[in-house]
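What follows is a short report on a single structure.
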Amino acid sequence: MLKRRIAVLVSGGGTNLQALIDRQQAGDIPHGQLTVVIADNPQAYALQRGEKAGLAVAAIPRRQMSQEQFEGELQATLEKYDIEVIVLAGFLCILSANFLRKWQERVINIHPSLIPSFCGKGFYGLRVHQAALDYGVKVTGATVHFVNEIPDGGKIILQKAVAVLPDDTPETLQRRVMEEAEWQLLPQAVEMVCAKLCEEQADRE
Ligand code: GRF
């Protein structure tokens, strides 16, 4: 069976990447093939996780170049590896509308809240969980969605709710959202999207 070739874009620790690697190794992503891990900085620990799993890795140092240059190199790397699906897994750069136009319904992001709460520009990392605690919500969660030109604004693929506990700090809440939602949802959503692309291809043939 033909698998859709996946690039995972990362900026940091890469626990969501690790969840994808683990689920792939367990046979839970039969329609997708993790192929290359691309970081926007060479220090991202996620690159080491990718290497250890035998994936191709690339670093494109965003800080040293313009948006246009960065996206040009990104596009070239994606083409080099014949990529069909892009997963943003803790990737902190905003991709331009111009870039995303070429990848409609092919770019997936994981966000650590129930969109449309606590999302959009400026809501990343611990800030998302701090905002949920400041507001006093009793339930938060994670959302996997397609990426369009509006930050966290694309079509929702999967969501899962997670309880906020009375003594939570941003750190404890972040950890619970990852364990109970993100690490499960992202591999599931990736498989769903890849399976749908396989189906569409079979219909065309
Ligand atoms: C996760 O909370 C993800 O939802 C967010 O950034 C964090 C990345 O963590 N976008 P990791 O690099 O996957 O460990």
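Owing to the predicted nature of the structure, the values given are computational and were not obtained by experimental measurement. Each ligand, and each atom within it, is numbered from 1 in the order the structure gives.
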So, are Glu182 and Lys160 salt-bridged, with charged N and O less than 4.0 Å apart?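 No, Glu182 and Lys160 are not salt-bridged.
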
Side chains of Ile156 and Phe146: does their closest heavy-atom pair fall under 4.5 Å?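 They are not in contact (no side-chain heavy atoms under 4.5 Å apart), so the answer is no.
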
For the pair Tyr135 and Phe118, name the ring-plane relationship: parallel under 30°, tilted 30 to 60°, perpendicular over 60°.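 Judged by the thresholds at 30° and 60°, the geometry between Tyr135 and Phe118 is perpendicular.
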
Main-chain N/O of Ala163 paired to Arg176 side chain as donor or acceptor, under 3.5 Å: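 Side chain of Arg176 to backbone of Ala163, a donor-acceptor pair under 3.5 Å: yes, one is there.
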
For Glu73, which residues count as a side chain to side chain contact (heavy atoms under 4.5 Å, CB included) partner, sequence neighbours excluded?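 Only Ile60, Met65 meet the side chain to side chain contact (heavy atoms under 4.5 Å, CB included) criterion with Glu73.
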
Euclidean distance, Asn98 CG relative to Gln75 CD, rounded to 0.5 Å: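 That separation rounds to 10.0 Å.
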
Contact table ligand 1 N or O to protein N or O, d under 3.5 Å:
from, atom 1, to, atom 2, distance (Å)
ligand 1, 2 (O), Glu182, OE1, 3.2
ligand 1, 2 (O), Glu182, OE2, 3.1
ligand 1, 4 (O), Glu182, OE1, 2.6
ligand 1, 10 (N), Ile110, O, 3.4
ligand 1, 12 (O), Gly14, N, 2.8
ligand 1, 13 (O), Thr15, N, 3.2
ligand 1, 13 (O), Asn16, N, 2.9
ligand 1, 13 (O), Asn16, ND2, 3.0
ligand 1, 14 (O), Gly14, N, 3.4
ligand 1, 14 (O), Thr15, N, 2.8
ligand 1, 14 (O), Thr15, OG1, 2.6

